[in-house]
Student: 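Provided herewith is a single structure, encoded as structure tokens, for subsequent inquiry.
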Amino acid sequence: MNIKQLEVLRTLLSTGSTIATAKAMGLSQSGISRLLAQLEADLSLTLFARDKGRLIPTPEAALLARDAENVLLAVDRMSGHAEDLRNGAAGPEIVRIGLPSSMWENFAPAMLIDYVRDFPGVRIETFFETTTAINKLVGERVIDLGFLRMEGEIGPGIDVERVATGKSVCVVRQDHPLAALAEITVKDLRNVPLILIGRQRPNRMALDQVFKKAGVKPMVKIETHTNSSACAYVAHGLGVTIISSFYANLYRHLPVVARPFIPQSTQEFGLARASGAPLSIAAQALSDALKQQIQLSQKID
């Protein structure tokens with residue numbers, strides 16, 4: 001017994017003939033007769049008496065028709081719900097994503113503009129954290145997705161897809177003397193006020209080693225903990241900073257320029273998710289929205 005057979009039963013009771021049923025269902029008359037015969041065989045019941053080419057429903061057909069209608073209504077509801085899930089009209093109650101703190105101001109809103117329109121039934125919760133914290137949140141399945149810098153060991157039970165790369169750059173105000181250089185070396189930064197990301201992070205420790213190896217004592221004026229604040233301080237003339245070009249590209253609207261920092265290093269960024277946990281349609285769409293916004297934010301005009 002299958003759904004198509006139940007549809008034949010319902011339509012036959014409504015139209016009263018195989019010709020009309022075939023037309024309504026877009027099938028041949030012989031196809032309708034075959035489906036009806038299969039249903040009767042499956043149920044071991046005669047549902048229609050044949051009288052000179054006419055089909056007369058038996059009492060059993062009328063009784064079973066109510067069950068058939070309930071089944072078909074349930075199937076219709078399920079199909080409708082599935083369509084809502086595909087189209088974003090319904091979905092999981094919430095999708096959670098972790099992003100670095102430097103992405104809250106411009107990147108995250110731009111990422112969500114189209115998404116909230118396409119998935120009106122989904123509530124989004126954003127966590128702005130460090131790479132270490134995002135790694136932990138993904139591993140504990142507190143969040144569905146996490147964008148993080150791929151540094152050190154990735155926690156167990158986490159899959160990471162590399163989605164972006166960056167190069168070390170020095171960000172300076174447009175009117176700063178260093179802006180005239182094609183590239184900036186460690187020695188160019190001697191006695192230059194610096195704005196550096198907090199010293200407890202692996203990339204900061206690596207940068208400290210670069211200065212030490214070059215024999216240059218960094219003149220750290222401000223320590224901060226987000227790339228966004230570092231770029232904002234630079235824009236206000238408080239110093240220069242050294243960050244990844246990935247983040248520098250997010251703040252090109254500020255009166256700053258980025259120059260390659262020598263010696264140059266490469267940074268990789270990934271999208272993390274729990275291993276063995278398929279994403280919902282809504283979460284996958286948010287993953288796609290993040291990747292698309294990355295492409296837009298890194299595009300050089």
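Computed from heavy atoms alone, side chains included, the values below leave out hydrogens, waters and symmetry copies. Counting begins at 1 with the first residue of the sequence.
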Student: Where is the tightest heavy-atom contact between S228 and S102, given as atom of each residue plus distance?
Tutor: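 The pair with the smallest heavy-atom distance is N-OG, 3.2 Å.
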Student: Under a 4.0 Å threshold between the charged nitrogen and the carboxylate oxygen, would K291 count as salt-bridged to E161?
Tutor: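 K291 and E161: salt-bridged.
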Student: Would you please say whether a donor-acceptor pair under 3.5 Å links the side chains of S101 and T226?
Tutor: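 Distance-only check fails for S101 and T226.
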Student: May I ask you to say whether E183 pairs ionically with K167, meaning some side-chain N is under 4.0 Å from a carboxylate O?
Tutor: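 Salt bridge: no.
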Student: Tell me whether M103 is reachable from Y115 by hopping between hydrophobic residues (I, L, V, M, F, W, Y) whose side-chain heavy atoms are closer than 4.5 Å.
Tutor: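 Hydrophobic grouping puts Y115 with M103.
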Student: Taking L148 as the fixed residue, which of V138, L137, N135 is the one that meets the side chain to side chain contact (heavy atoms under 4.5 Å, CB included) rule?
Tutor: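 Filter result, single survivor: N135.
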Student: Taking all non-hydrogen atoms of both residues, which atom of V122 and which atom of A282 are closest, and how far apart?
Tutor: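 Taking V122 first and A282 second, the nearest heavy atoms are CG2-CB, 3.7 Å.
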Student: Listed by chain and number, what are the ring pair (Phe, Tyr, Trp, His ring centres under 6.0 Å) partners of F246, not counting sequence neighbours?
Tutor: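 With sequence neighbours excluded, F246 shows a ring pair (Phe, Tyr, Trp, His ring centres under 6.0 Å) to F147, F269, given in chain and number order.
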Student: How far apart are the closest heavy atoms of P263 and V186, and which atoms are they?
Tutor: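 Where P263 meets V186 most closely, the heavy atoms are CD-CG2, 3.8 Å.
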Student: Closest approach of A248 and V171, non-hydrogen atoms and distance?
Tutor: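 Of all heavy-atom pairs spanning A248 and V171, the closest is CB-CG2, 4.0 Å.
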Student: Test side chain to side chain contact (heavy atoms under 4.5 Å, CB included) on V216 and L189; report intermediate values, then the result.
Tutor: CA-CA 8 Å; V216 176; L189 297 178; 5.7 Å; no
Student: Answer yes or no: is there a donor N or O on one side and an acceptor on the other, between the side chain of D144 and the main chain of R96, under 3.5 Å?
Tutor: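 A pair under 3.5 Å: yes.
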Student: Can D288 and Q284 be counted as having a side-chain donor-acceptor contact under 3.5 angstrom?
Tutor: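 A donor-acceptor contact under 3.5 Å links the two side chains.
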Student: Test Q267 against every option in S245, S168, S244 by the side-chain hydrogen bond (donor to acceptor under 3.5 Å, both in side chains) rule and name the one that passes.
Tutor: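 Running side-chain hydrogen bond (donor to acceptor under 3.5 Å, both in side chains) over S245, S168, S244 with Q267 returns exactly one hit, S244.
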Student: I want to check something: taking the side chain as every heavy atom from C-beta on, are N106 and L250 in contact at a cut-off of under 4.5 Å?
Tutor: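 SC-SC contact between N106 and L250 ruled out.
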